[in-house]
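Below: one structure, written as structure tokens.
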Amino acid sequence: MAGMAKQDSNIPDLSSALVGARSLLGWKLVHDSIEGRTSGYIVETEAYDEHDPASHAFGGIRKRNAAMFEAAGTIYVYFTYGMHYCMNIVTGDKGLGQGVLIRALQPLEGLDIMQRRRGIESKHQLTNGPAKLTQAMGVTKQNYGQSIFHGDIYLEPGIPALSVVQTTRIGISKAKELPWRFYLADNPYVSRI
DNA sequence: AGAGCGATGGCCT
DNA sequence: GGCCATCGCTCTA
């Protein structure tokens with residue numbers, strides 16, 4: 001199968017933020033919560049590493065960002081604009097301060113739960129943004145520091161990332177020229193093209 | 001289709 | 001006191 005993009009292991013490659021951002025595309029993100037199971041395919045990501053002025057890890061470890069310095073697979077949730085949560089999956093060696101922001105999902109299971117949590121019907125609007133998907137999936141500060149390898153939020157093999165677009169990141173003011181955003185080409189659940 | 005803006009809280013200088 | 005890795009509503013075109 002040389003030259004064919006496929007998922008060839010049962011864990012994504014989280015060795016660095018850039019590798020992880022690409023590797024996580026197509027994986028199924030699952031949350032088994034008290035309200036039920038919600039899941040979706042990861043269709044859009046952004047990489048943030050320790051040398052990146054746009055990263056929350058830039059400037060060193062603090063209470064707010066400490067989870068980013070934990071082992072790869074740790075979930076780093078942050079609160080922003082007074083009302084939104086966003087979710088990252090930590091990459092790289094422990095102590096580095098790297099992660100991948102999950103920016104969009106293609107909703108798969110628990111659509112009714114997502115619709116209730118989001119307060120909207122439209123399937124396309126449920127998870128096409130970093131704060132939208134955490135609301136739909138029921139991810140909050142409570143999940144801060146959990147590991148995707150043993151917890152109620154975890155990954156399962158999903159769909160092959162056949163065609164990936166790499167471009168600049170969204171919603172940041174520093175280092176915005178870096179092409180560290182990845183998404184599945186032609187996927188209707190990407191936050192924006 | 002795109003600009004403007006309010007909501008709202010933790011962390012920074 | 002100001003800034004945000006945001007979203008969705010409300011205007012103008």
Side-chain angles (χ1 to χ4, degrees), chain A residues 14 16-25 29 38 40 42-70 72-92 96-107 111 113-146 148 153 164-184 188-193:
Chain A
L14 301 179
S16 77
L18 273 173
V19 168
R22 195 184 275 274
S23 176
L24 282 164
L25 288 174
L29 182 68
T38 47
I42 298 174
V43 299
E44 181 181 344
T45 58
E46 283 180 357
Y48 289 87
D49 84 8
E50 71 275 20
H51 306 297
D52 174 7
S55 170
H56 290 170
F58 192 76
I61 188 164
R62 281 180 286 277
K63 203 177 302 175
R64 182 197 193 209
N65 64 11
M68 276 193 92
F69 294 82
E70 291 300 320
T74 302
I75 296 170
Y76 166 54
V77 178
Y78 69 88
F79 186 72
T80 191
Y81 294 99
M83 58 199 315
H84 299 298
Y85 291 104
C86 296
M87 165 183 177
N88 297 249
I89 295 176
V90 174
T91 61
L96 276 184
Q98 297 186 347
V100 175
L101 173 66
I102 310 299
R103 282 199 54 93
L105 301 176
Q106 175 177 328
L111 277 281
I113 301 173
M114 293 188 185
Q115 286 166 329
R116 191 181 335 126
R117 285 174 177 155
R118 297 269 297 115
I120 58 167
E121 296 287 315
S122 165
K123 186 177 178 185
H124 285 261
Q125 304 294 324
L126 288 177
T127 54
N128 63 334
K132 297 180 186 181
L133 72 89
T134 56
Q135 187 181 24
M137 295 283 288
V139 175
T140 69
K141 200 86 180 164
Q142 296 206 319
N143 303 290
Y144 181 95
Q146 283 182 212
I148 57 163
I153 298 175
V164 174
V165 178
Q166 180 172 8
T167 182
T168 50
R169 296 175 293 182
I170 289 176
I172 55 172
S173 52
K174 298 168 200 159
K176 51 186 178 193
E177 71 285 353
L178 295 175
W180 285 4
R181 173 174 171 246
F182 300 86
Y183 63 88
L184 295 186
Y189 300 96
V190 164
S191 66
R192 65 189 220 213
I193 312 298

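Side-chain atoms are counted along with the backbone in the values below, which use heavy atoms only and exclude waters and symmetry mates. In the text below, chain A, chain B and the rest are named by the order of the sequence lines, each starting its count at 1.
Among the protein residues, A:Y81 comes within range of the nucleic acid bases, having at least one heavy atom under 4.0 Å from a base atom. Nucleic acid contact class of A:L101 (heavy atoms, under 4.0 Å, all strands): base. Across all strands shown, A:M68 has heavy atoms under 4.0 Å from base atoms, whether or not it also approaches the sugar-phosphate.
Protein atom CZ of A:R192 is 10 Å distant from nucleotide atom P of B:dG2, rounded to whole Å. The CD1 atom of A:I170 sits 17 Å away from the P atom of C:dC4 (whole-angstrom rounding). The separation between A:Y78 atom OH and C:dT6 atom C1' is 8 Å, rounded to whole Å. Taking atom CD of residue A:E44 and atom C1' of nucleotide C:dA5, one finds them 12 Å apart after rounding to whole Å.
Stacking of A:Y48 onto the six-membered ring of C:dA5 is present: less than 5.5 angstrom between centres, less than 30° between planes.
Side-chain contact, A:Q135 with A:R117: no donor N or O sits under 3.5 Å from an acceptor N or O.
B:dG10 and C:dG8 are spaced 22 Å apart, taking the C1' atom of each and rounding to whole Å.
With sequence neighbours left out, the side chain to side chain contact (heavy atoms under 4.5 Å, CB included) criterion links A:E70 to A:T74, A:K94.
Separation of the A:H124 and A:Y189 ring centroids falls under the 6.0 Å cut-off.
For the side-chain contact (heavy atoms from CB on, under 4.5 Å) test with A:Y76, the passing option among A:M87, A:Q146, A:H56 is A:H56; the others fail. Put simply, the residue from A:V77, A:I89, A:N143 that forms a side-chain contact (heavy atoms from CB on, under 4.5 Å) with A:I153 is A:N143.
Under the Watson-Crick and G-U wobble criteria, each requiring two contacts below 3.5 Å, nucleotide C:dC3 is paired to B:dG10.
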Between the protein and nucleotides 7-9 of chain C, list the N/O to N/O atom pairs that are separated by less than 3.5 angstrom.
from  : atom 1 : to     : atom 2 : distance (Å)
C:dC7 : OP1    : A:P130 : N      : 3.0
C:dC7 : OP1    : A:A131 : N      : 3.1
C:dC7 : O4'    : A:H84  : NE2    : 3.2
C:dG8 : OP1    : A:R118 : NH1    : 2.9
C:dG8 : OP1    : A:R118 : NH2    : 2.5
C:dG8 : OP2    : A:K132 : NZ     : 2.9

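Counting heavy atoms from C-beta on, the side chains of A:L14 and A:I148 come closer than 4.5 Å.
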